[in-house]
Amino acid sequence: MQNKLLFGGPCGVENREQIFKIAKFVKSCGTNLLRAGAYKGQVYPIVNGKPEYLGMGDEGVKLLAEVQDKLSMQVACDMQSVRQAKILRDYNIAYPQVGARNCDSLELLREFKKIFNKGRQQALILKRGPSTTIQELLGYAEHLGGSHKVIICERGICSFDRHDYTRYRLDFVGVAEIKCYHPEYRIIIDPSHGSGDRNLVYQLSKAALQLADGLMVEVHNEPDSSPTDSSQTIDFDEFRKIARLYGEI
Ligand code: PEP
Ligand code: MN
């Protein structure tokens with residue numbers, strides 16, 4: 001398990017106190033990999049009668065850069081445009097992330113590759129689109145720079161099941177296919193977006209660790225107060241349980 005990755009953190013960075021509190025906690029669990037979005041485009045433009053929450057934006061990236069510096073951590077942060085990518089590059093964010101909804105935006109993938117190719121060894125994270133086939137996913141990963149430059153993230157796909165229980169379905173078969181036929185790629189699993197249900201995250205993490213190169217998990221000091229994805233965000237106790245699995249396998 002030593003080489004397996006564990007990214008933990010809130011859906012989004014909200015303010016200095018929140019992100020430092022969560023980052024310190026995640027680090028205390030034995031990983032220096034934090035996840036947190038600064039740009040939070042939502043699927044629905046109006047949520048509960050209010051305009052969508054767009055996250056802290058560039059100010060959030062600054063805070064994440066501060067976390068990297070002060071706590072010696074490495075941060076994964078989503079980007080949705082060339083402008084945002086350049087901000088992440090300028091602040092040396094360790095793991096710029098292409099979100100599921102941009103997985104097949106070929107022009108963006110090519111631009112991101114150009115922006116991050118120069119003088120930089122670290123990988124980009126490519127999240128699988130909910131309707132992207134494994135074949136297509138490998139093509140998109142190639143556009144972004146190939147296996148040396150990309151960590152793939154399985155985060156659940158659309159299924160015929162109704163959404164009474166889960167938001168998406170984690171595709172363990174797809175992960176097994178990549179591990180078997182494309183072992184050159186690192187692939188991590190996101191059980192938070194992959195289910196949409198915090199009650200399932202621990203069990204899914206346990207299963208995911210048997211197969212994948214690591215996890216990306218949403219965790220918050222007050223999960224119910226998270227402005228985004230609160231229903232799938234776990235609390236500190238639950239995250240510590242997941243981190244302990246890394247010692248066991
Ligand atoms: C995220 O990880 O912050 C995120 C928005 O997830 P996804 O792109 O998988 O929906
Ligand atoms: Mn989220």
Side-chain angles (χ1 to χ4, degrees), residues 5-14 18-19 22-23 26 33-44 47 52-57 60-61 63-64 74-81 84-85 88 93-105 108-109 112 123-132 136-137 140-141 144 150-159 163 166-171 174-175 187-198 200-201 204-205 208 212 214-235 239:
L5 306 168
L6 176 57
F7 288 89
C11 184
V13 47
E14 295 159 42
Q18 172 249 14
I19 199 63
I22 298 173
V26 166
L33 303 175
L34 182 76
R35 63 137 292 136
Y39 308 105
K40 297 299 325 175
Q42 304 293 308
V43 174
Y44 304 103
V47 181
E52 61 180 340
Y53 172 68
L54 293 175
M56 279 193 79
V61 179
L63 284 178
L64 295 175
Q74 296 189 310
V75 177
C77 178
D78 193 281
M79 57 194 168
Q80 290 130 34
S81 68
Q84 292 171 3
L88 296 186
I93 297 302
Y95 291 98
Q97 173 179 306
V98 181
R101 281 159 204 86
N102 286 311
C103 179
D104 60 0
S105 306
L108 265 189
L109 297 178
F112 291 159
L124 305 177
I125 295 173
L126 175 63
K127 296 192 91 176
R128 180 184 182 186
S131 307
T132 302
E136 289 163 348
L137 178 59
Y140 302 143
L144 200 53
V150 177
I151 297 172
I152 292 173
C153 181
E154 160 60 32
R155 46 76 75 213
I157 56 176
C158 296
S159 83
H163 283 195
T166 58
R167 189 178 177 194
Y168 294 103
R169 291 270 141 159
L170 274 182
D171 181 15
V175 176
I187 178 159
I188 60 174
I189 291 180
D190 172 348
S192 309
H193 294 87
S195 66
D197 181 349
R198 66 171 76 137
L200 304 182
V201 169
L204 292 172
S205 297
L215 300 174
M216 174 176 280
V217 177
E218 287 187 336
V219 54
H220 197 289
N221 53 315
E222 289 174 19
D224 287 336
S225 76
S226 176
T228 47
D229 287 349
S230 111
S231 63
Q232 68 194 33
T233 299
I234 58 172
D235 64 17
F239 187 81

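When a ligand or atom number is given, it counts from 1 through the structure's own listing order. This one's a predicted model, so the numbers in the text were calculated from it and none came from an experiment.
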Sub-3.5 Å donor-acceptor pair from the side chain of [X] to the main-chain atoms of [Y], do we have one?
X	Y	answer
Arg169	Cys158	no
Gln232	Leu200	no
Gln42	Lys40	yes

- Neighbouring protein residues of ligand 1 - any heavy atom closer than 4.0 Å: Arg35, Lys40, Gln97, Gly99, Ala100, Arg101, Lys127, Arg155, His193

- Task: Could you pull out all residues at least two apart from Tyr168 that satisfy ring-ring contact (aromatic ring centres under 6.0 Å, His included)?
- Result: none

- Take the Mn ion (ligand 2) and tell me which protein N, O or S atoms are nearer than 2.8 Å. Cys11 SG, His193 NE2, Glu218 OE2, Asp229 OD2

- Query: Salt-bridged, Lys127 to Asp78, with N to O below 4.0 Å?
  - Reply: no

- Note on the structure: Residues at least two apart in sequence or cross-chain that pass side chain to side chain donor-acceptor pair (under 3.5 Å) with Thr132, listed by chain then number, are none

- Query: Between CD1 of Ile125 and CZ of Arg35, what distance do you get to the nearest 0.5 Å?
  - Reply: 9.0 Å

- Message: Nearest 0.5 Å, please: how far is CG in Asp197 from OG1 in Thr166?
- Response: 8.0 Å

- Item | Residue among Thr233, Ile234, Leu215 satisfying side chain to side chain contact (heavy atoms under 4.5 Å, CB included) with Val201 | Ile234

